[in-house]
Amino acid sequence: MEAPQEKKPVFFPDEGYWTAEADGLHLIGSRCTKCRQNFFPPREVCPKCFPEGFEHRMEESKLSSRGKLYTYSIVQVAPKRFLPPYALGYIDFPEGVRVLGQLTTSDPAKIKIGITVQTELGRIAIDEQGNEVMSYKFRPL
Ligand code: ZN
(Lines give C-alpha, C1' and ligand atoms only; values in the text may rest on other atoms or scores of the structure.)
Protein backbone atom coordinates (compact mmCIF):
# COMPACT_ATOMS: atom_id res chain seq x y z
CA MET A 1 0.00 0.00 0.00
CA GLU A 2 1.35 3.40 -0.94
CA ALA A 3 1.76 6.14 1.62
CA PRO A 4 -0.51 9.09 1.01
CA GLN A 5 1.32 11.81 -0.88
CA GLU A 6 1.90 15.05 0.90
CA LYS A 7 0.03 17.94 -0.68
CA LYS A 8 2.14 20.85 -1.79
CA PRO A 9 1.29 23.97 -3.74
CA VAL A 10 2.16 24.07 -7.42
CA PHE A 11 2.70 27.27 -9.36
CA PHE A 12 1.08 28.13 -12.66
CA PRO A 13 2.61 29.57 -14.66
CA ASP A 14 6.02 28.90 -13.09
CA GLU A 15 7.58 31.35 -10.65
CA GLY A 16 9.69 33.00 -13.37
CA TYR A 17 6.64 35.06 -14.31
CA TRP A 18 6.73 37.21 -11.18
CA THR A 19 8.98 38.57 -8.44
CA ALA A 20 8.03 39.41 -4.85
CA GLU A 21 9.25 42.76 -3.53
CA ALA A 22 8.52 44.91 -0.49
CA ASP A 23 5.62 46.66 -2.23
CA GLY A 24 4.04 43.43 -3.49
CA LEU A 25 4.19 41.05 -6.40
CA HIS A 26 5.44 42.29 -9.77
CA LEU A 27 4.65 40.40 -12.96
CA ILE A 28 7.61 39.93 -15.32
CA GLY A 29 6.81 40.62 -18.94
CA SER A 30 8.82 41.74 -21.92
CA ARG A 31 9.40 45.07 -23.66
CA CYS A 32 10.35 45.76 -27.26
CA THR A 33 13.66 47.66 -27.41
CA LYS A 34 12.46 49.47 -30.54
CA CYS A 35 8.88 50.64 -29.91
CA ARG A 36 9.01 50.23 -26.08
CA GLN A 37 5.67 48.34 -25.98
CA ASN A 38 5.32 46.06 -22.92
CA PHE A 39 3.74 42.59 -22.98
CA PHE A 40 2.53 40.07 -20.43
CA PRO A 41 2.98 37.17 -20.70
CA PRO A 42 6.42 37.91 -22.21
CA ARG A 43 6.86 37.55 -25.98
CA GLU A 44 9.88 36.51 -28.00
CA VAL A 45 9.04 38.87 -30.86
CA CYS A 46 7.22 42.21 -30.90
CA PRO A 47 4.02 41.79 -32.94
CA LYS A 48 4.02 45.54 -33.76
CA CYS A 49 7.58 45.63 -35.14
CA PHE A 50 7.67 42.10 -36.55
CA PRO A 51 6.91 43.18 -40.15
CA GLU A 52 10.10 45.32 -40.10
CA GLY A 53 12.35 42.38 -39.20
CA PHE A 54 14.12 40.76 -36.27
CA GLU A 55 17.05 43.17 -35.73
CA HIS A 56 15.53 44.62 -32.56
CA ARG A 57 15.21 42.59 -29.35
CA MET A 58 12.87 42.05 -26.46
CA GLU A 59 14.06 42.80 -22.93
CA GLU A 60 12.67 41.88 -19.52
CA SER A 61 10.03 44.25 -18.22
CA LYS A 62 8.79 44.35 -14.63
CA LEU A 63 5.22 45.59 -14.24
CA SER A 64 4.04 47.75 -11.34
CA SER A 65 2.60 45.86 -8.37
CA ARG A 66 -0.67 47.81 -8.71
CA GLY A 67 -3.07 48.34 -11.56
CA LYS A 68 -6.65 49.42 -12.22
CA LEU A 69 -9.60 47.12 -12.82
CA TYR A 70 -10.74 47.56 -16.44
CA THR A 71 -13.68 45.16 -16.21
CA TYR A 72 -14.68 41.94 -14.46
CA SER A 73 -17.19 39.14 -14.21
CA ILE A 74 -18.31 36.85 -11.40
CA VAL A 75 -17.73 33.24 -12.48
CA GLN A 76 -20.47 30.94 -11.18
CA VAL A 77 -19.83 27.95 -13.49
CA ALA A 78 -16.11 27.32 -13.83
CA PRO A 79 -13.77 25.00 -15.71
CA LYS A 80 -12.91 21.74 -13.93
CA ARG A 81 -10.71 22.18 -10.81
CA PHE A 82 -11.49 25.89 -10.39
CA LEU A 83 -13.45 26.93 -7.32
CA PRO A 84 -16.47 29.11 -8.14
CA PRO A 85 -17.81 31.56 -7.38
CA TYR A 86 -14.87 33.88 -8.02
CA ALA A 87 -14.28 37.16 -9.77
CA LEU A 88 -12.24 37.26 -12.96
CA GLY A 89 -11.01 40.61 -14.20
CA TYR A 90 -8.83 42.49 -16.65
CA ILE A 91 -6.26 44.73 -14.97
CA ASP A 92 -4.69 47.73 -16.73
CA PHE A 93 -1.10 48.36 -15.61
CA PRO A 94 0.65 51.74 -15.92
CA GLU A 95 3.06 50.11 -18.40
CA GLY A 96 0.25 49.79 -20.96
CA VAL A 97 -0.44 46.09 -20.43
CA ARG A 98 -3.85 44.52 -19.75
CA VAL A 99 -3.71 41.25 -17.78
CA LEU A 100 -6.50 38.73 -17.07
CA GLY A 101 -6.63 37.14 -13.64
CA GLN A 102 -8.70 36.18 -10.64
CA LEU A 103 -9.54 38.79 -8.03
CA THR A 104 -9.01 38.03 -4.34
CA THR A 105 -12.08 38.96 -2.39
CA SER A 106 -14.73 37.39 -0.23
CA ASP A 107 -17.01 40.35 -0.84
CA PRO A 108 -17.92 40.94 -4.52
CA ALA A 109 -19.64 44.20 -3.49
CA LYS A 110 -16.14 45.67 -3.01
CA ILE A 111 -15.36 45.16 -6.68
CA LYS A 112 -15.99 48.17 -8.92
CA ILE A 113 -14.65 49.03 -12.34
CA GLY A 114 -11.74 51.46 -12.00
CA ILE A 115 -10.62 50.47 -8.50
CA THR A 116 -6.93 49.96 -7.75
CA VAL A 117 -5.82 46.37 -7.22
CA GLN A 118 -2.66 44.90 -5.72
CA THR A 119 -0.93 41.94 -7.38
CA GLU A 120 -0.39 39.02 -5.01
CA LEU A 121 -0.02 35.24 -4.94
CA GLY A 122 -3.05 33.10 -4.17
CA ARG A 123 -4.87 29.89 -4.93
CA ILE A 124 -6.62 29.81 -8.28
CA ALA A 125 -7.54 26.10 -8.53
CA ILE A 126 -6.87 22.55 -7.29
CA ASP A 127 -4.88 20.14 -9.46
CA GLU A 128 -5.63 16.45 -10.17
CA GLN A 129 -3.62 15.36 -7.11
CA GLY A 130 -5.48 17.75 -4.82
CA ASN A 131 -2.62 20.27 -4.58
CA GLU A 132 -3.38 23.96 -4.48
CA VAL A 133 -2.53 25.71 -7.75
CA MET A 134 -1.01 29.09 -6.89
CA SER A 135 -0.74 32.00 -9.28
CA TYR A 136 -0.88 35.76 -9.44
CA LYS A 137 -4.19 37.30 -8.37
CA PHE A 138 -5.42 40.84 -7.83
CA ARG A 139 -6.71 42.13 -4.51
CA PRO A 140 -9.00 45.18 -4.46
CA LEU A 141 -7.58 47.96 -2.25
ZN1 ZN B 1 8.09 46.77 -31.07
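None of the values given here were measured: they were computed from a predicted structure. Counting convention: from 1, in listed order, for ligands and their atoms alike. Hydrogens, waters and symmetry mates play no part in the numbers below; they use all other heavy atoms, side chains included.
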Considering non-hydrogen atoms only, spot the tightest contact between S64 and F93 and give its length.
O-CE2, 3.3 Å

Where is the tightest heavy-atom contact between T104 and P140, given as atom of each residue plus distance?
O-CD, 3.1 Å

Under 2.8 Å from the Zn ion (ligand 1), protein N/O/S atom count?
4

Would you mind checking if E95 and R36 are paired as a salt bridge, meaning a charged N to carboxylate O distance below 4.0 Å?
no

Side-chain ion pair, K137 and E120, N-O less than 4.0 Å
no

Within a reach of under 6.0 Å around CD of E21, are more than 12 heavy atoms found that belong to other residues, nucleotides or ligands?
yes

Calculate, to the nearest 0.5 Å, the distance between atoms CZ and CG belonging to R98 and D92 respectively.
4.0 Å

